[in-house]
Protein chains: 2
Amino acid sequence: MRFDLVDLKLFLAILEAGSITAGAARANLALPSASARVRGMEETAGTPLLVRSRAGAVATPAGEALAHHARLILQQSERMRGELSRYGRGLKGHVRLWSNTAAFSVGLIGDLARFLARHPDVDVDLQERPSREIAPALRGGLIHIGLLSDVGDTLGLETRTYGEDVLMAVLPKGHRLANTPGAGFADVAALPFVGLTPGNAIHQLIETHAVALGLPLKYRVRVNRIEAVGEMVQAGVGVSVLPTADALRVAERTQVEVFTLPEAWARRRLVVAVRDLQALPEFARQFLDGLGG
Amino acid sequence: MRFDLVDLKLFLAILEAGSITAGAARANLALPSASARVRGMEETAGTPLLVRSRAGAVATPAGEALAHHARLILQQSERMRGELSRYGRGLKGHVRLWSNTAAFSVGLIGDLARFLARHPDVDVDLQERPSREIAPALRGGLIHIGLLSDVGDTLGLETRTYGEDVLMAVLPKGHRLANTPGAGFADVAALPFVGLTPGNAIHQLIETHAVALGLPLKYRVRVNRIEAVGEMVQAGVGVSVLPTADALRVAERTQVEVFTLPEAWARRRLVVAVRDLQALPEFARQFLDGLGG
DNA sequence: CTTCATCCTTCGGAAAATCCGAAGGATGAA
DNA sequence: TTCATCCTTCGGATTTTCCGAAGGATGAAG
C-alpha cells in the first residue's frame with residue numbers, strides 16, 4: 001500500500017532537512033531507498049511533490065499538502081501509541097468526553113479529579129468543544145459522554161441535568177453591596193472591575209450585558225488565572241464576576257464577599273448526554289455515576 | 001514498523017465483521033495473515049486487543065481505543081489521498097482557512113465563491129473555528145489564513161480589517177419602525193419575532209440582549225435557513241434581526257424593510273490574519289487579495 | 001574551461017517482511 | 001460422540017524493501 005507511515009515520516013524529514021540525502025539520514029534510510037520512496041509517492045499522487053535542485057529539495061504545493069496531512073496523521077498515530085502503551089501497563093479504559101466551556105465552571109474539574117483519583121486505571125480524554133459539535137459526535141460514536149448546554153439539539157440522546165452555570169458577583173470583604181437586597185449586575189457593573197483576559201467566554205458574556213446596560217466596564221486590571229481575581233478583589237482593586245464554583249473556591253481562600261446574580265442570563269442549564277446508556281462500557285458508566293455526585 | 005495502515009484497516013474490518021475470519025476476507029487477506037497481524041499488534045501494544053470466543057472476536061477496551069484512533073487516522077489518510085489526486089489532475093494549490101462564525105455573515109461566502117470561480121485550479125479548505133483557536137493555528141503553520149474577531153490575541157500576526165459584523169433589523173414592508181428615527185433593538189424586541197434555530201451564535205447574542213433589556217423575545221416561529229427568515233417576515237409573521245450581508249440579500253429577494261441597529265454590541269470588528277505575508281504561497285496571497293475586494 | 005563537490009537516480013543482488021495453503025487445536029452445539 | 005466454526009501454528013514461496021556501487025546533472029571554485 002502506498003503512503004505508509006514510513007513514507008510520511010521520511011517526507012517530513014526531507015522537508016525539515018532540506019534535501020533527500022539529509023532527510024534519508026534522519027529517517028535512518030539509505031539514500032536510494034529514500035529516493036525510491038519519494039518516486040513511489042509521486043507516482044501514486046500523479047504529480048511532483050519535490051522540486052529538486054542543485055542545493056537540495058523543496059516541496060511543491062502538492063508536497064505542502066502532503067506534509068500537512070502527514071503531520072496530522074503521524075501526530076494521531078503517536079497519540080494512539082501512547083494510549084495503547086498505557087493499556088499494556090494496566091490501564092482498564094479510556095473515557096472520551098467533550099464538554100462545552102460552561103461545564104468547566106460547574107465542578108467538572110472537581111468531578112474529574114475525584115474520578116481519576118478513585119480510578120487510577122482509567123484515563124479520561126477531555127476536550128472543550130462548542131455545544132453544537134457535541135451531539136453529532138455522540139451520535140457517531142466518536143465519544144462516550146458529552147456535557148452541553150440544553151439549548152442545543154439533543155434529540156435521540158439520553159440526557160440528564162448536570163448543573164447550572166450561574167454567575168456570582170465577587171466583592172471585597174465588607175462591601176455594602178453584599179448586604180443590599182435586590183442588588184444585581186447593574187450595581188456591580190458600575191464599580192471598578194477586575195476582568196479576565198479577552199477571549200474568555202464568561203468575560204464576553206459579561207461584557208455584552210454591561211454594554212447592553214449602557215455601563216461599559218471600568219477595568220482596573222485583567223488577569224488570566226481565577227485565583228488572581230480573588231487576590232485582586234481582596235486587595236480592593238475592584239469587583240468581579242465569576243461562575244459559582246470558581247467564586248466559592250475563591251471565597252474560601254481569600255477574604256471576599258460573594259452573591260448570586262439575579263439576572264436570567266446569568267443562569268444556564270447544562271446536561272450530560274450519552275447515546276445509549278446500555279451500550280456504554282463499564283468504565284464510562286462509572287464516570288457517569290461520578291458526575292455531579 | 002508496527003501499526004501500518006493495513007493493520008488498522010484490518011482491525012476495523014474485524015470489529016465490523018465480528019470475527020477474524022470474516023474480517024480477513026473483507027480486508028482481502030488470508031486468515032493466517034490476519035491472525036499474525038493481530039498478534040503482532042497485541043505484542044506491540046503489550047495487551048490483548050480482541051477477546052476470542054467460539055463465536056468470533058470482540059474488542060477489549062484497549063481494542064476500542066485502537067479502533068477509535070484507527071478511524072481517525074484512516075479518515076485523515078483518505079482525505080489526503082483525495083487532495084493529492086486533485087493535484088495530479090491539475091490542481092495548483094490549497095488555501096487553508098479558518099474563520100469564526102461571524103465572518104460567514106460578512107461576505108466570506110461571496111468572496112469565496114468569487115475566488116473559486118476565478119481560480120478553478122485552487123481549492124480552499126474552510127473550517128469554522130472559535131476565534132481563540134485560530135491564532136495558535138496560524139502561528140503553528142497549520143493554516144495559511146485566519147478570519148477572527150479582533151478581541152482575541154493576535155500578537156505577532158499580520159492583520160488587516162476584513163469587515164464589520166453589524167446586525168440589522170428586518171421588518172415587513174411598510175412597517176412604521178422603518179421610518180422611525182432613533183429606533184433600536186428595544187423597539188424590535190418588543191414585536192413578535194422570527195428566530196433562527198437555537199445554537200446559532202447570532203441567535204444567542206440577540207437572545208442575551210433581549211433578556212438583558214427585560215424583553216424576552218416572543219418567537220412566532222424558528223427557522224434554520226436565512227432565506228426562510230425573509231419569507232416569514234414578508235408574510236407578516238413577525239420581525240427579525242440578521243447580519244448586514246444576509247439582511248441585504250433578503251431585502252433584494254423579498255419585500256421587506258431593513259435598518260441597522262444602533263447599539264454598540266451589534267457591531268464587531270473582524271480581521272484577516274496571516275503569520276508572514278512574505279512566506280505565503282502565491283495562491284494563498286491571491287486569495288488574500290480577493291478578501292473584502 | 002576544467003575540476004570538484006554535492007545531490008539525485010539507476011541497477012542488481014541480498015535481506016526481510018508478508019503472504020498463503022495445509023494441518024492442528026479449542027470449544028460449544030447437535 | 002460427532003461436527004462445525006473459529007483461531008493458531010508451521011513451512012515454503014512471493015513480494016517488498018533495503019543497501020552499496022556506479023552513473024548523471026549542475027553549479028561553484030580554480
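Values below: every heavy atom of this structure, side chains too, minus hydrogens, waters and symmetry copies. Residue numbers begin at 1 in each chain, while the letters A, B, ... track the order of the sequences.
- A salt bridge is absent between A:R139 and A:D276; no separation between the charged side-chain nitrogens and carboxylate oxygens falls under 4.0 Å.
- With A:R86 contributing its side chain and A:L91 its backbone, the two residues share no donor-acceptor pair below 3.5 Å.
- Straight-line distance from the CZ atom of B:F3 to the C1' atom of C:dT18: 18 Å, rounded to whole Å.
- Where pairing requires Watson-Crick or G-U contacts shorter than 3.5 Å, the helical stems of DNA chain C with at least three consecutive pairs are C:1-30 with D:1-30.
- Checking side-chain atoms of A:R285 against main-chain N and O of A:L280 turns up a donor-acceptor pair under 3.5 Å.
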With the criterion being N/O to N/O and under 3.5 Å, what pairs connect the protein with nucleotides 9-12 of chain C, and how long is each?
| unit_1 | atom_1 | unit_2 | atom_2 | d |
| --- | --- | --- | --- | --- |
| C:dT9 | OP1 | A:R52 | NE | 2.9 |
| C:dT9 | OP1 | A:R52 | NH2 | 2.8 |
| C:dT9 | OP2 | A:S35 | OG | 2.5 |
| C:dT10 | OP2 | A:R39 | NE | 3.4 |

One pair to check against side chain to side chain donor-acceptor pair (under 3.5 Å): B:Y162 and B:D111. What are the steps and the verdict? CA-CA 11 Å; B:Y162 174 57; B:D111 285 348; 2.9 Å; yes

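- Side-chain contact check for A:T161 and A:R269: at least one donor-acceptor pair (N or O, by modelled atom type) lies under 3.5 Å.
- Between the A:E42 side chain and the A:L49 main chain, a donor and an acceptor come within less than 3.5 Å of each other.
- Checked against C:dC8, D:dG20, D:dT26, the side chain of A:T21 finds its nearest nucleotide in C:dC8.
- Using a cutoff of 4.0 Å between basic side-chain nitrogens and carboxylate oxygens, A:D4 and A:R37 are scored as salt-bridged.
- Atom CG in A:D7 sits about 11 Å away from atom C1' in D:dT17, given to the nearest Å.
- Computed from coordinates, the B:L29 CG to D:dC7 P distance equals 14 Å when rounded to whole Å.
- Looking at which nucleotide of DNA chain D each of A:S33 and A:R54 is closest to, the 5′-most match is held by A:S33.
- A straight line from CG of B:L50 to P of D:dC6 spans 15 Å, rounded to a whole angstrom.
- Salt bridge B:E158/B:R275: absent, no basic N to carboxylate O contact under 4.0 Å.
- Listed pair B:R37 / D:dC7 fails the phosphate criterion, with no side-chain N or O lying under 4.0 Å from OP1 or OP2.
- Rounded to whole Å, the distance from CG on B:L10 to C1' on C:dA17 is 16 Å.
- Between A:E16 and A:R71 there is no salt bridge, since no side-chain nitrogen of the basic residue lies less than 4.0 Å from a carboxylate oxygen of the acidic one.
- Rounded to an integer number of Å, the gap from B:I14 CD1 to D:dC6 C1' is 12 Å.
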